[in-house]
Each structure stands twice: as C-alpha cells, then as structure tokens.
Amino acid sequence: MNTSCQKKKNDYRFLMRRVGVHRLLTEGRIIKMALVEIDHGVVVRWNTFTDEQPFTEWLGGTMEVVTDSKGVRRALWKGSYIK
C-alpha cells in the first residue's frame with residue numbers, strides 16, 4: 001500500500017534539507033536572506049530569496065559555508081555543522 005504521505009526513497013524533498021538564514025558568509029561575501037540546500041551534510045547550492053519557499057526550515061541568524069579538509073562544503077551554524 002502506497003499513500004502520498006509516505007516517504008519515497010527517490011523523492012527529492014526528503015533527500016535535501018533546505019534552510020533559510022538572515023546572513024550567509026561564503027567565499028568572502030555576505031549574502032542577506034539566503035536559502036541554503038544541504039544534502040547529507042554537504043552544501044550543494046545557495047542563493048538569495050525574497051519569497052517564502054516550500055519545504056524550507058527557517059534557522060535565522062548567520063550561517064557560514066566552509067570547506068573541510070576533504071574539500072567538501074559544509075554549513076556551519078551556531079558552532080555546529082548542519083546535516
């Protein structure tokens with residue numbers, strides 16, 4: 001039995017975490033009102049937004065995109081990596 005409320009393995013919405021913050025520090029820039037998409041702890045994209053986006057978790061504050069020792073971009077928020 002499959003209902004629309006069940007999580008599907010290949011459903012994009014459940015694989016990616018989308019968060020919103022007031023400020024994003026990345027590549028020497030400050031992006032105000034940023035939307036950051038994180039896939040299993042890896043930052044895959046970010047951009048500014050003006051309208052509320054579906055499936056977005058609002059964290060607020062300041063987030064920083066940092067590159068770890070393996071060259072992977074990670075999201076650092078309040079001293080912890082976001083997964």
Side-chain angles (χ1 to χ4, degrees):
M1 182 171 156
N2 189 7
T3 66
S4 61
C5 294
Q6 290 177 322
K7 291 183 182 181
K8 299 176 185 176
K9 287 184 180 179
N10 296 328
D11 191 342
Y12 177 82
R13 294 172 298 168
F14 299 108
L15 297 175
M16 192 80 59
R17 183 174 180 187
R18 183 183 296 160
V19 298
V21 292
H22 289 102
R23 287 170 304 283
L24 179 67
L25 308 175
T26 181
E27 300 173 350
R29 300 182 308 167
I30 299 174
I31 300 171
K32 294 181 180 178
M33 300 304 288
L35 181 69
V36 182
E37 292 184 7
I38 304 165
D39 185 10
H40 295 92
V42 178
V43 174
V44 293
R45 71 180 59 87
W46 62 82
N47 61 338
T48 60
F49 68 94
T50 56
D51 297 327
E52 189 171 332
Q53 299 294 314
F55 305 105
T56 301
E57 175 185 1
W58 182 256
L59 296 179
T62 301
M63 179 180 283
E64 184 176 4
V65 175
V66 296
T67 303
D68 69 11
S69 60
K70 296 178 182 178
V72 177
R73 284 189 243 160
R74 306 279 184 189
L76 189 61
W77 182 70
K78 292 190 175 182
S80 299
Y81 289 113
I82 301 295
K83 293 188 179 201

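Counting from 1, the numbers follow the sequence of the chain as shown.
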Practice problem: Provide the full list of ring pair (Phe, Tyr, Trp, His ring centres under 6.0 Å) pairs with a residue in residues 26-50, sequence neighbours left out, each pair given once. | Solution: none
Self-check item: Partner residues of D39 under the side-chain contact (heavy atoms from CB on, under 4.5 Å) criterion, sequence neighbours left out
Solution: M16, V44
Practice problem: Sequence neighbours left out, what pairs pass side-chain hydrogen bond (donor to acceptor under 3.5 Å, both in side chains) with at least one residue falling in residues 26-35? | Solution: none
Practice problem: State plainly whether one hydrophobic cluster holds both V21 and I82, where clusters connect Ile, Leu, Val, Met, Phe, Trp and Tyr through side-chain heavy atoms under 4.5 angstrom apart. | Solution: yes
Self-check item: Any pair counted as ring pair (Phe, Tyr, Trp, His ring centres under 6.0 Å), so long as it reaches residues 57-83, sequence neighbours left out
Solution: H22-W58
Exercise. Using salt bridge (Lys or Arg N to Asp or Glu O under 4.0 Å) as the criterion, list what pairs up with E57, not counting sequence neighbours.
Key: R17
Practice problem: Could you tell me whether the side chain of R18 and the main chain of P54 form a donor-acceptor pair under 3.5 Å? | Solution: yes
Self-check item: Set of side chain to side chain donor-acceptor pair (under 3.5 Å) partners for T62, sequence neighbours left out
Solution: R23
Quiz item: Linking Ile, Leu, Val, Met, Phe, Trp and Tyr by side-chain heavy atoms under 4.5 Å, what else ends up with V72?
Solution: V42
Exercise. Please name the pair of heavy atoms, one in I38 and one in A75, separated by the smallest distance, quoted to 0.1 Å.
Key: CD1-CB, 3.8 Å
Quiz item: Which pairs, with at least one residue in residues 64-76 and sequence neighbours excluded, count as a salt bridge (charged side-chain N to carboxylate O under 4.0 Å, His left out)?
Solution: D68-R74
Self-check item: Shared hydrophobic cluster for L25 and V66 (ILVMFWY, side-chain gaps under 4.5 Å)
Solution: no
Quiz item: Are V19 and M63 close enough that some pair of their side-chain heavy atoms sits under 4.5 Å apart?
Solution: yes
Quiz item: Would a 4.5 Å heavy-atom cut-off, applied to side chains only, mark L24 and V65 as touching?
Solution: yes
Quiz item: Would V43 and L59 show up in the same hydrophobic cluster when neighbours are defined by side-chain heavy atoms closer than 4.5 Å?
Solution: yes
